[in-house]
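Below you'll find the structure, written out as structure tokens, and then a few comments.
Residue indices begin at 1 and follow the sequence shown.
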Amino acid sequence: MIKLSLDDFIYEVREELCCFEEIGAKGADEWEKGFREWISRKRSAPKEISLDDESVIFEIADEYIEAAEQKNTESYWKNFSL
């Protein structure tokens, strides 16, 4: 299990998203904005994110890329969980 600060978690997902031409920095910005909105709706926003391993970051990025390609990011955020 790995623990990341909220900012480190966002950084890692952004870095992964920026690797994909079809997403790039603009898409990473949109993901970060959506994530910050998602986290602000939680009753108690975590200061750290615990993940089983780094593959969770890749899964989050892959799911977002798929949702963006299908123009369905609203559904992505509705079903998002950590």
Side-chain angles (χ1 to χ4, degrees):
M1 178 158 307
I2 58 173
K3 288 186 179 189
L4 297 170
S5 71
L6 199 54
D7 288 337
D8 286 344
F9 172 75
I10 291 169
Y11 173 82
E12 293 295 333
V13 175
R14 283 184 54 83
E15 285 295 300
E16 184 63 24
L17 289 170
C18 285
C19 291
F20 293 88
E21 245 178 66
E22 61 273 14
I23 295 295
K26 183 179 179 196
D29 290 344
E30 290 170 7
W31 179 86
E32 181 177 352
K33 179 182 174 198
F35 178 74
R36 290 190 184 277
E37 288 172 3
W38 178 82
I39 205 90
S40 72
R41 290 190 300 269
K42 297 185 76 54
R43 286 194 177 148
S44 58
K47 291 185 170 120
E48 279 189 340
I49 304 289
S50 295
L51 306 172
D52 290 337
D53 58 43
E54 66 274 353
S55 69
V56 175
I57 292 169
F58 305 133
E59 290 170 19
I60 289 170
D62 289 344
E63 289 170 5
Y64 185 77
I65 291 165
E66 185 176 323
E69 287 174 348
Q70 296 175 5
K71 299 185 181 359
N72 197 13
T73 56
E74 186 175 314
S75 179
Y76 171 86
W77 290 114
K78 232 181 220 184
N79 298 314
F80 186 82
S81 66
L82 283 175

Could you measure the distance from the [atom1] atom of [X] to the [atom2] atom of [Y]? Nearest 0.5 Å is fine.
{"X": "Leu82", "Y": "Phe35", "atom1": "CG", "atom2": "CZ", "result": "5.5 Å"}
{"X": "Phe9", "Y": "Ile39", "atom1": "CZ", "atom2": "CD1", "result": "8.0 Å"}
{"X": "Glu16", "Y": "Ile65", "atom1": "CD", "atom2": "CD1", "result": "7.0 Å"}
{"X": "Phe80", "Y": "Glu63", "atom1": "CZ", "atom2": "CD", "result": "8.5 Å"}
{"X": "Arg41", "Y": "Arg36", "atom1": "CZ", "atom2": "CZ", "result": "14.0 Å"}

Inset, instruction - Count the heavy atoms of every other residue, nucleotide or ligand shown that sit under 6.0 Å from CD of Glu21, and state whether that count exceeds 12. - result: no

Inset, instruction - Verify the neighbour count for atom CD of Glu69: are there more than 12 heavy atoms of other residues, nucleotides or ligands below 6.0 Å? - result: yes

Legend entry - Minimal non-hydrogen separation, Ala25 against Cys18, with atom names: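 Reported closest heavy-atom pair: CA-SG, 3.9 Å.
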
Inset, instruction - Grab the two heavy atoms, one from Ala68 and one from Ile23, that are nearest each other, plus how far apart they are. - result: CB-CD1, 3.9 Å

Legend entry - Any side-chain donor near an acceptor of the partner, Tyr76 and Trp31, under 3.5 Å: yes

Legend entry - Partner set under side chain to side chain donor-acceptor pair (under 3.5 Å) for Asn72, not counting sequence neighbours: none

Inset, instruction - Not counting sequence neighbours, which residues clear side chain to side chain donor-acceptor pair (under 3.5 Å) with Asp62? List them please. - result: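 For Asp62, no residue satisfies side chain to side chain donor-acceptor pair (under 3.5 Å) once neighbours in sequence are set aside.
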
Inset, instruction - Write out all pairs satisfying side chain to side chain donor-acceptor pair (under 3.5 Å) with one or both partners inside residues 48-59, taking only residues at least two apart or from two chains. - result: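 Listed once each, the pairs are Asp53-Ser55.
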
Inset, instruction - Quickly, which of Ile49, Leu51, Asp8 forms a side chain to side chain contact (heavy atoms under 4.5 Å, CB included) with Ile2? Name it, please. - result: Leu51

